[in-house]
Amino acid sequence: MNKYFRFCSYFECERVTNFVTIYKVVMRRALIILSISFSLTACSGGIRVSDVASSVASAGFRLSDIDKYPGSCFMQGLSEYAHAAGDKALEDRLADTLDCFLRGDRTCKGSLVSYCIGGTAIAQMALWGHDAYAARVIEVADSMFRTQPRNCEDVMIPAWNSENIRPDGMFVDMVFAATPYLLYAGLLSGRREWVDYAAWMTLKTFEVLRDPESGLVHQARGVLRLAEGEISRDCWSRGNGWGSMALAALMRDLPSDNQYYGQVRDLAADYFTAVLRYQDADGLWHQEMTFPDNWPETSGSALLLYGLGTAVDCGILPKTAKTAFVKGLEGLLAYVDAEGNVASTCGGCLAVGDSSKETYALQVPYWNERHAFGPVMLALSAATRLGIRTVDTTLGSKVDSFRPACVVRHVEARKDDLAWENDWSAYRIYSQKSPMEKIGSGVDYWAKKVDYPILDRWYAANAEGGSYHKDQGEGCDFYAVGKHRGVGGNGVWSGDSLYVSLPYEGWEITEEGPERISFTVSYLPFRAGEETVRQTTTYSCILGSPFTRVETTLTSESGHDLTLGVGLTTFGRGEIKKDADGVLRLYEFLPKENVGLHSILITDPSLDARRVDAGPDRLLLMDVHSGEPVRYYFAAYSTLTNRSGGWYRIVTAATYEELDKMQ
């Protein structure tokens with residue numbers, strides 16, 4: 001039973017107010033998951049589509065960020081699957097969620113007017129018989145049609161600051177939300193101009209952003225770092241998936257007497273024929289679709305399957321294309337496990353870097369990324385419409401290499417390093433075998449971009465002549481701890497100086513993961529002013545939280561009390577962002593590495609920590625009793641990764657008491 005969950009999801013979850021409640025919720029849901037797992041494995045003749053849908057829906061409700069646009073996509077997936085499968089229970093659960101938007105209990109943070117009531121799903125539900133939604137759906141559609149910003153060609157754009165979007169700015173992302181919502185609101189209300197605009201906007205977006213060489217679409221024109229008229233050069237899987245969503249709605253539901261009906265069908269036939277040319281041997285599409293060696297990306301693949309299946313169902317592609325759909329569905333479900341977890345999904349990606357194919361290709365896959373669940377539900381809805389009830393696949397067979405885990409390693413081949421990681425970060429401390437003139441007892445930080453384990457691979461690559469100091473796509477070790485405290489290293493403060501031990505001398509791993517690790521290290525006695533001090537320290541971390549817990553015991557030879565100093569190291573440009581109530585938070589931009597580095601310490605407030613500087617180390621000092629353990633927490637994050645929003649939410653909300661309850 002996988003008890004992994006994202007810490008940040010629960011900080012945002014209404015009605016969950018403390019970590020004890022979280023634990024109870026997780027365990028209660030775990031019992032449901034067990035029953036789902038049993039039904040998935042018990043089915044003979046293949047995996048039931050309905051069982052996969054049930055587990056993915058449950059996971060998506062927990063993890064998809066309902067109040068943001070990935071949640072809008074997820075709710076559309078629920079709506080379409082429930083309608084196709086006649087799943088009344090799922091429909092009712094979705095209705096309960098949409099009711100929260102209508103009452104104002106939830107507010108969607110997004111760039112499209114229709115997100116305020118949940119987006120496309122509520123328009124579909126109104127059209128399909130939920131009459132209570134109709135008036136509000138039409139009201140919001142009218143507002144969106146009148147007030148949503150548009151570019152110089154009349155195509156809708158996000159409601160952003162104008163300096164980020166040129167006059168001709170355009171995103172393929174917009175059609176996934178604007179096209180279906182206006183289509184269904186127009187059909188519901190009889191407002192033909194909304195239906196016409198939905199079709200025209202999609203055709204115009206494809207006309208501008210379609211790559212003449214591959215037949216696929218690029219993501220954007222004239223936004224962020226792109227100049228006016230400049231189009232991103234990518235063929236990104238999820239960007240193409242957004243276009244696929246718009247085409248799917250129009251293929252299926254645009255009235256046959258609409259002026260754009262023939263153009264839509266011609267475009268869809270040509271586009272999905274091009275898409276099929278890039279389907280890999282497992283039936284999926286890659287992060288950068290035109291790079292055959294790039295990694296398979298599940299959200300884009302699922303959305304392309306949704307459109308492909310719809311094209312077959314609507315007779316736009318021949319029935320023989322159903323074989324490609326089934327192959328893709330089998331490949332997709334290899335990245336979905338019995339609990340509804342989804343692997344190998346790209347994070348947020350918006351005209352990144354220089355907007356080249358190479359830059360998009362360097363984005364990394366995540367586990368249960370918030371964009372994952374809606375696309376899978378949409379692919380399952382297309383399968384259901386095609387009459388596919390079971391899939392012959394080994395469910396989750398490619399999941400394990402992406403599954404986040406806590407890992408601790410004693411690396412004998414690398415001078416007895418002790419290294420550990422979870423889904424957020426990796427760290428290491430050094431042993432007596434390390435070069436004493438360069439290394440101390442501080443904590444080194446490794447900036448991993450991915451949430452799956454990297455320690456074994458990085459150390460193996462280093463042993464074979466590679467270097468984990470260079471980013472190969474998963475992150476790197478750019479942090480030079482030297483003899484300083486690094487992230488959360490400690491020592492004894494005496495007089496006006498910090499005294500520290502040599503690197504660790506003895507070690508014992510007590511918990512090896514995958515959900516929690518813990519290990520204890522001991523140090524040789526060292527002098528701290530007039531005292532001789534012995535020290536043992538236990539490090540531990542759990543999945544879902546960026547924090548490492550430290551429990552350290554200082555024992556003075558005399559038995560007298562000591563002053564523990566816990567530090568964060570700066571490199572000449574460190575800024576203190578918070579310095580109060582036992583919390584120290586720093587930010588520093590490192591120009592050589594071109595990264596921003598964030599670090600934080602949270603100590604026991606009852607110890608009345610006070611701050612001092614010791615060279616490049618910023619310290620929190622606490623008076624402690626000899627021989628009695630003291631706990632504190634540290635975390636680090638760099639802008640090499642793209643999950644800064646989650647990190648900020650966690651560290652802003654975290655308190656010592658709550659962290660103590662969790663660990």
Side-chain angles (χ1 to χ4, degrees), residues 68-70 72-73 108-116 119 143-182 194 196-247 260 267 271 287-290 300 346-363 371 594 639 642 644-645:
K68 297 182 180 177
Y69 79 89
S72 174
C73 178
C108 186
K109 308 165 188 68
S111 57
L112 207 70
V113 172
S114 61
Y115 288 159
C116 70
S143 174
M144 186 169 82
F145 196 69
R146 289 183 296 101
T147 68
Q148 185 72 33
R150 306 189 189 196
N151 72 4
C152 63
E153 295 172 315
D154 204 35
V155 174
M156 288 184 177
I157 56 177
W160 287 356
N161 191 309
S162 60
E163 68 186 27
N164 290 320
I165 303 180
R166 316 306 162 236
D168 67 344
M170 182 182 290
F171 288 102
V172 73
D173 309 49
M174 291 298 289
V175 297
F176 106 77
T179 293
Y181 187 90
L182 286 173
W194 296 352
D196 287 348
Y197 182 81
W200 173 85
M201 176 181 172
T202 301
L203 292 168
K204 183 65 177 178
T205 299
F206 271 80
E207 174 191 327
V208 171
L209 296 181
R210 199 163 181 208
D211 174 29
E213 181 178 347
S214 66
L216 306 175
V217 293
H218 304 302
Q219 188 186 15
R221 179 184 68 181
V223 300
L224 298 174
R225 289 163 293 276
L226 297 172
E228 185 172 351
E230 183 182 6
I231 296 175
S232 62
R233 300 184 297 282
D234 66 289
C235 293
W236 176 40
S237 60
R238 192 161 67 237
N240 279 268
W242 294 144
S244 176
M245 284 184 73
L247 286 177
Y260 299 112
L267 170 61
Y271 174 68
Q287 161 70 2
E288 166 51 52
M289 293 173 64
T290 63
C346 180
C349 207
L350 187 58
V352 293
D354 62 0
S355 298
S356 65
K357 293 175 181 288
E358 290 76 13
T359 302
Y360 276 82
L362 284 175
Q363 303 306 299
H371 296 84
N594 193 32
T639 54
N642 67 357
S644 59

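For this chain, numbers begin at 1 and follow the sequence in order.
The distance from the CH2 atom of W194 to the OH atom of Y181 is 8.0 Å, given to the nearest 0.5 Å. Taken from OH in Y360 to OG1 in T290, the straight-line distance is 12.5 Å, to the nearest 0.5 Å. Between the CG atom in L224 and the OG atom in S355 there is a gap of 8.0 Å [rounded to 0.5 Å]. Here the straight-line distance linking atom CG of L267 with atom OH of Y271 works out to 9.0 Å at 0.5 Å rounding. To the nearest 0.5 Å, the span separating CZ on R233 from CD on Q219 amounts to 13.5 Å. The CZ atom of R210 sits 13.5 Å away from the CD1 atom of I231 when rounded to the nearest 0.5 Å.
P158 is not listed as a side-chain neighbour of L112, based on a closest heavy-atom distance of 4.5 Å or more. Between P167 and N151 the shortest side-chain heavy-atom distance does not fall below 4.5 Å. Contact check for P180 versus M245: no side-chain heavy atoms found under the 4.5 Å cut-off. Contact of the C346 side chain with the H371 side chain is not registered, since no non-hydrogen atoms from C-beta on lie closer than 4.5 Å. A 4.5 Å side-chain heavy-atom check between Y260 and T202 finds every atom pair outside the cut-off.
By the side chain to side chain contact (heavy atoms under 4.5 Å, CB included) test, L362 is found to be paired with no residue, residues two or more places apart in sequence or in another chain being considered.
The aromatic rings of Y69 and Y115 sit parallel to each other, their planes meeting at less than 30°, with 60° as the upper class boundary.
The two residues S232 and L226 make their nearest non-hydrogen contact at N-CD1, 3.8 Å. Closest non-hydrogen pair, W200 versus D154, comes out as CZ3-O, 3.7 Å.
Checked by atom type and distance alone, the side chain of R166 never pairs as donor or acceptor with a backbone atom of G229 at under 3.5 Å. Looking at R238, its side chain never comes within 3.5 Å of a backbone N or O of D173 through a donor-acceptor pair. The closest donor-acceptor contact from the side chain of S72 to the backbone of K68 lies at 3.5 Å or more, if one exists at all. Side-chain atoms of N240 come within 3.5 Å of backbone atoms of V217 as a donor-acceptor pair (strictly under, hydrogens ignored). A distance-only check finds no donor-acceptor pair linking the side chain of E288 to the backbone of D234 [under 3.5 Å]. Q148 places a side-chain N or O within 3.5 Å of a backbone atom of I157 that can act as its donor or acceptor partner.
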Apply side-chain contact (heavy atoms from CB on, under 4.5 Å) to the pair R225 and D354, showing each step before the final yes or no. CA-CA 7 Å; R225 289 163 293 276; D354 62 0; over 6 Å; no
Start with the C-alpha gap between D168 and R221, add the side-chain angles, then the distance that decides, and say whether salt bridge (Lys or Arg N to Asp or Glu O under 4.0 Å) holds. CA-CA 7 Å; D168 67 344; R221 179 184 68 181; 3.5 Å; yes
Could you go through S356 and T359, starting from their C-alpha distance and side-chain angles, then the distance that decides it, and tell me whether this counts as side-chain contact (heavy atoms from CB on, under 4.5 Å)? CA-CA 5 Å; S356 65; T359 302; 3.0 Å; yes
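A donor-acceptor pair shorter than 3.5 Å cannot be found between the side chains of T205 and E207. Side-chain contact check for D211 and S214: at least one donor-acceptor pair (N or O, by modelled atom type) lies under 3.5 Å. A donor and an acceptor atom, one from each side chain of Q287 and W236, are located under 3.5 Å apart.
Here the rule is side chain to side chain contact (heavy atoms under 4.5 Å, CB included) with M156, and of L182, V113, V175, T179 only L182 fits it.
For the pair R150 and Y197, the cation sits on the ring face: its NZ or CZ lies under 6.0 Å from the ring centre, inside 45° of the axis.
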